Amino acid sequence: MKLPPLLTLATALIASLAGAAPPTPKPPTAEEVKAYVEKLNADLLQLGARQGTAQWVKNTYITDDTERLAADADDAMLAYTAQALRDAQRFQGLKLDPQTARMLFLLRVNNSLLAPNDAKARKELTELGAKMEGLYGKGKYCGKDGKGPCRDLEQLSDVMDQSRDWDALLDAWTGWHAVGAQIRPLYVRFVEVANQGARDNGFANLGDLWRSAYDMPPADFEQDTERIWAQVKPLYEALHCYVRAKLQDVYGKQRIPDGGPIPAHLLGNMWAQEWANIYPLVEPYKGVGNLDITAALKAKGYDPIKLVKRGEAFYLSLGLDKLPETFWQRSMFTKPADREVVCHASAWDVTLHDDLRIKMCIKVNEEDLVTIHHELGHDYYYHAYYRLPALFQNGANDGFHEAIGDAIALSVNPGYYKQVGILDVLPPVNQQALINQQMKDALAKVAFLPFGKDIDQYRWNVFSGKIPTSQLNAGWWAIRLRDQGIAPPVPRTEADFDPGAKYHVPANVPYTRYFLARVLQFQFHRALCRAAGVTGPLYGCSIYGNKEAGRRLEAMLALGASRPWPDALEALTGERKMDGGALLEYFAPLQAWLTEQNKGRRCGW
Ligand code: X8Z
Ligand code: ZN
């Protein structure tokens, strides 16, 4: 029987007055721990549903009120988790069954924030989080003089994606990045309080917490990311060299000198993270094969809902379930005209019980079709594990969660487009068409690799203090120069906060997951293609319609976080390491071609 605390104290006092040693509390039995963890899972489901609901409303209707409601729900979850972690300390050193031990491990590490002990600081933390995401969601640029017309991120991104005019690009780039400057003071305080929370829970800083969630010591995980980056870096550098030369042809060598970084506003994306939009500028063999999927989608009368149906149809073809009716009723597919929302695409199980949704501001283009497959990958993961205890309702690691939909989208290739009637004719099967196709894929996939790594390289250093508050912006550009070989197009100062202009920084979403996903998706793709019996090259494989591939995929998804990720990886691929080999195999023809092309060029920066 558990004595109420006061009585325990009294008993101990009497015992010590009588000169006897106080009775040591009996260690909890295995049954008690099991019962505790069961209650924990039930409570987390409830709190998670409340948090999910508040977050959904805030994300689809930003006001001061919804921000407060979301912060309150976050606060309740943080407070509960902190108390549970304190309670669970009494189980330390006990021999627990592996499932229970894993749940307690996940309770500690699967958090992007942990609460500081001080309740006031905890509240400040959630309020800062809600405010920063709100500022990002509402961000607008109203011209140099501020007199309008005002443009939001979607409109400014249209310029970045499509314009080839140096000044127009620069204007949109600097305009949006001013949103980061607004966020800077909040972020500085956020780092202090978030670090306090990490420290109060036994981590060195917030980065240490983030790196602890990979079933290995945090230092080993850091080394693992370096190992993977070293594998794929030569391919990235070859792509950078080729693209820089092509951009020199467009913008001139004065503006893009040999051996220097590429200005960040020329790569067809607000953050220079994926470069597929500049494909027409760098197309290896002019006009070989029609790769303009955006034009084809428009010509075939696709609208946002039809695009999502096309995405669902792929998963159905693998034998996976239909999305629930509520998905279609409750999702946000397009940007509402009458209120502020967070447009950044995301996927949800709002109540942790198959309440699947996506939230996007869909435009009819190829990039958004790929993003739809990406988001549906999250939803199918949620769907596969929603019956598991709350603590197991997660990806094997967060990179897995990000990689599922992308792995599926690797099968959304020209052959597939022809099969489903988006393209009328197949691109020709020859070396030139292959290189064109691979170039387009590499601009999306390979260009992203250092960016995917750098956001957290940066934040890990900010959280540890290696990048001091006085160098928040300079530190960002130093890392991007080192790994990505890009530079800001105009001088920046410490009044700016350019990382704040990227969603995941104000929203505090760890980013290494996307780097991992970039390599994992090729490992998954290779395994799924083999399961489907495809023996040809990876770049030509589509698993569309293959039920065996779907069965294998679903088996991994259904594990959720119940096993360490190497087990989940092995179940699908037979491998136990995250590895760049499959990505390199996929891009082998392009890598050989780039090496030829770059002969005589001064590569690097
Ligand atoms: O944030 C996302 C998804 C949401 S889960 C749309 N991605 C990263 C980004 O946009 O920066 C997908 C690729 C990288
Ligand atoms: Zn995602």
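In what follows, every heavy atom counts, from backbone to side chain, and hydrogens, waters and symmetry copies are set aside. Please read these numbers as outputs of a predicted model, since none were measured by experiment. Count residues from 1 along the sequence.
Taking CD of Q431 as the start and OH of Y285 as the end, the distance is 7.0 Å to the nearest 0.5 Å. Rounded to the nearest 0.5 Å, atoms CZ (R518) and CG (L583) are 9.5 Å apart. For the atom pair CE of M160 and CD of Q155, the computed distance is 15.0 Å after rounding to the nearest 0.5 Å. Remark: D249 CG to L281 CG distance equals 10.0 Å, nearest 0.5 Å. L356 contributes atom CG, which lies 10.0 Å from atom CZ of R330 (distance to the nearest 0.5 angstrom). For the atom pair CG of D303 and NZ of K309, the computed distance is 11.0 Å after rounding to the nearest 0.5 Å.
Taking 4.5 Å as the limit, some side-chain heavy atom of I543 sits within range of a side-chain heavy atom of C529. The shortest distance between side-chain heavy atoms of I486 and F451 does not fall below 4.5 Å. Using a 4.5 Å heavy-atom cutoff, the side chains of H383 and D354 are in contact. Counting heavy atoms from C-beta on, the side chains of E554 and Y380 never come closer than 4.5 Å. With a 4.5 Å cut-off on side-chain heavy atoms, F327 and V308 count as touching. I479 has its side chain out of reach of I455: every pair of non-hydrogen atoms, C-beta onward, lies at least 4.5 Å apart. At least one side-chain heavy atom of N59 sits less than 4.5 Å from a side-chain heavy atom of W348. Counting heavy atoms from C-beta outward, L266 and I278 have side chains that stay 4.5 Å or more apart.
Closest approach of M270 to A172, counting heavy atoms only: CE-O, 3.8 Å. The shortest non-hydrogen separation linking P324 to W328 is O-CD1, 3.6 Å. Nearest heavy atom pair, residue M556 against residue A568, reads SD-O, 3.4 Å. Heavy atoms only, all atoms of each residue included: W229 and P450 are closest at CH2-CB, 3.5 Å. Closest approach of R480 and W271 over heavy atoms only: NH2-O, 2.6 Å. Between P428 and V288, the shortest heavy-atom contact is CG-CG1, 4.3 Å.
With Y302 as the aromatic partner, K300 does not meet the cation-pi criteria of under 6.0 angstrom to the ring centre and within 45 degrees of the ring axis.
Taking the charged nitrogens against the carboxylate oxygens, E575 and R526 do have a contact shorter than 4.0 Å, which makes a salt bridge. In this structure, R151 pairs ionically with D171, as a charged nitrogen and a carboxylate oxygen lie closer than 4.0 Å. We find that R227 and D224 are joined by a salt bridge, their nearest charged nitrogen and carboxylate oxygen being less than 4.0 Å apart. Between R102 and D215 there is a salt bridge, with a side-chain nitrogen of the basic residue lying less than 4.0 Å from a carboxylate oxygen of the acidic one. Of the charged side-chain nitrogens involved, at least one lies within less than 4.0 Å of a carboxylate oxygen, so that E548 and R551 count as a salt-bridged pair. A salt bridge does not link D456 to R513: none of the charged side-chain nitrogens sits closer than 4.0 Å to a carboxylate oxygen. Between K335 and D152, at least one side-chain N (NZ, or NE/NH1/NH2) sits under 4.0 Å from a carboxylate O, which counts as a salt bridge. A salt bridge between E226 and K453 is present, with a side-chain N of the basic residue lying under 4.0 Å from a carboxylate O of the acidic one.
Shown here is K286, whose NZ atom has more than 12 heavy atoms of other residues, nucleotides or ligands within 6.0 Å. Summarising the local packing, CZ of R387 is surrounded by 12 or fewer heavy atoms from other residues, nucleotides or ligands at distances under 6.0 Å.
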*asked:* Applying side-chain contact (heavy atoms from CB on, under 4.5 Å) to T225 and T512, what does each step give before you reach the verdict?
replied: CA-CA 9 Å; T225 59; T512 309; 4.0 Å; yes

*Decide yes or no on side-chain contact (heavy atoms from CB on, under 4.5 Å) for Y586 and D441, but give the supporting numbers first.*
CA-CA 10 Å; Y586 184 99; D441 287 349; 3.0 Å; yes

*Given V412 and R310, is the side-chain contact (heavy atoms from CB on, under 4.5 Å) satisfied, shown in steps?*
CA-CA 11 Å; V412 177; R310 171 58 47 226; over 6 Å; no

_salt bridge (charged side-chain N to carboxylate O under 4.0 Å, His left out) for D567 and R576? Distances and angles first, verdict last._
CA-CA 7 Å; D567 292 357; R576 292 188 64 84; 3.0 Å; yes

_Step-by-step side-chain contact (heavy atoms from CB on, under 4.5 Å) determination, I435 to L590_ = CA-CA 6 Å; I435 293 304; L590 182 72; 4.3 Å; yes

*asked:* Let's go through Q437 and N413 carefully: what are the C-alpha distance in whole Å and the side-chain angles of both, what is the deciding distance for side chain to side chain donor-acceptor pair (under 3.5 Å) to 0.1 Å, and is it a yes or a no?
replied: CA-CA 9 Å; Q437 178 63 44; N413 60 16; over 6 Å; no

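Not a single donor-acceptor pair under 3.5 Å links the side chain of Y511 to the backbone N or O of Q457. Q248 places no side-chain N or O within 3.5 Å of a backbone atom of K253 that could act as its donor or acceptor partner. Checking side-chain atoms of W210 against main-chain N and O of S112 turns up a donor-acceptor pair under 3.5 Å. A donor-acceptor pair is defined here as one N or O able to donate and one able to accept, closer than 3.5 Å; no such pair exists between the side chain of S331 and the backbone of R357. In this structure, the side chain of K363 engages the main chain of E154 through a donor-acceptor pair within 3.5 Å. Y236 contributes a side-chain N or O that, together with a main-chain N or O of Q484, makes up a donor-acceptor pair within less than 3.5 Å. D355 places no side-chain N or O within donor-acceptor distance of the main-chain N or O of D349, the cut-off being under 3.5 Å. Of the possible polar contacts, none joining the Q273 side chain to the G452 backbone as a donor-acceptor pair under 3.5 Å is found. The backbone N or O of Q591 lies less than 3.5 Å from a partner atom in the side chain of T595, making a donor-acceptor pair. Put simply, the side chain of Q523 gets close to the backbone of K577: a donor and an acceptor are under 3.5 Å apart.
Classified by interplanar angle (parallel below 30°, tilted 30° to 60°, perpendicular above 60°), the ring pair Y385/Y382 is perpendicular.
Between Y136 and W176, a ring centre-to-centre spacing shorter than 6.0 Å is recorded. The aromatic ring centres of W593 and Y242 sit less than 6.0 Å apart. No close placement of the H525 and Y539 rings is indicated, their centers lying 6.0 Å or farther apart.
Remark: of the listed residues W477, W476, W173, W477 is the sole one forming a side chain to side chain donor-acceptor pair (under 3.5 Å) with D498. Q521 pairs in a side chain to side chain donor-acceptor pair (under 3.5 Å) with only one of the listed residues (H374, K445, E402), which is K445. Only one option out of Y214, F524, Y514 pairs with F400 in a ring pair (Phe, Tyr, Trp, His ring centres under 6.0 Å); it is F524.
For the 3.5 Å distance criterion, the side chains of D379 and Y315 fail to qualify, holding no donor opposite an acceptor. A donor-acceptor pair shorter than 3.5 Å can be found between the side chains of Q231 and D579.
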